[in-house]
Amino acid sequence: MGEGKLCGKCNENEATCVCSECGIDLCDVCKQEVSMDATHPAARIKGYSKPGALTAGTVTKIVCTPCLAEVDVFD
């Protein structure tokens, strides 16, 4: 039986995503999602912005708990 990667934080559950800050594998229980407004032009080019010329898009970062305190929300 093939096993997937284990979560790097709890070492119990299967990892489903990666922390965008430190790169550790995370499970659904250990991941933290941070949503923020993206006002830079690249947000509109990459396709994750709301429709409208003057409205800000929303960017979601997935981070682990230790990186949550250090995440830069003004990226």
Side-chain angles (χ1 to χ4, degrees):
M1 183 162 128
E3 294 184 19
K5 294 181 182 178
L6 286 178
C7 176
K9 181 143 174 55
C10 67
N11 291 324
E12 295 177 2
N13 301 321
E14 184 176 352
T16 57
C17 56
V18 177
C19 176
S20 62
E21 295 294 313
C22 66
I24 192 171
D25 295 323
L26 296 171
C27 64
D28 289 332
V29 177
C30 296
K31 75 177 182 180
Q32 302 289 326
E33 291 185 9
V34 179
S35 295
M36 63 195 89
D37 289 338
T39 56
H40 54 86
R44 301 195 190 287
I45 294 170
K46 293 179 183 176
Y48 49 78
S49 66
K50 297 177 186 173
L54 299 176
T55 58
T58 303
V59 176
T60 302
K61 285 187 176 182
I62 297 176
V63 294
C64 60
T65 307
C67 292
L68 185 61
E70 299 176 7
V71 70
D72 187 15
V73 295
F74 298 110
D75 247 353

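Residue numbers count from 1 along this sequence.
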For this session: Kindly say whether V63 contributes a backbone atom to a donor-acceptor pair with the side chain of S20 at under 3.5 angstrom?
Result: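 The answer is no, because no donor-acceptor pair under 3.5 Å joins these two groups.
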Taking all heavy atoms of [X] and all of [Y], pick out the closest pair and write down the distance.
X: T65; Y: C30; answer: OG1-O, 4.1 Å
X: K5; Y: D25; answer: CD-OD2, 3.3 Å
X: L6; Y: N11; answer: CD1-O, 4.1 Å
X: I24; Y: K9; answer: CD1-N, 4.1 Å

Problem set entry | Partners passing salt bridge (Lys or Arg N to Asp or Glu O under 4.0 Å) against E12 (at least two apart in sequence or in another chain) |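 Applying salt bridge (Lys or Arg N to Asp or Glu O under 4.0 Å) to E12 gives none.
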For this session: Starting at SG of C19, measure out to NZ of K61 and round the result to the nearest 0.5 Å.
Result: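 Taking SG in C19 and NZ in K61, the distance rounds to 9.5 Å.
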Problem set entry | C64 side, atom SG; K31 side, atom NZ - distance, nearest 0.5 Å |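 Spacing of SG (C64) from NZ (K31) equals 13.5 Å.
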Exercise. Side chain to side chain donor-acceptor pair (under 3.5 Å) with T16: which residues, sequence neighbours excluded?
Worked result: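 By the side chain to side chain donor-acceptor pair (under 3.5 Å) rule, T16 matches D28.
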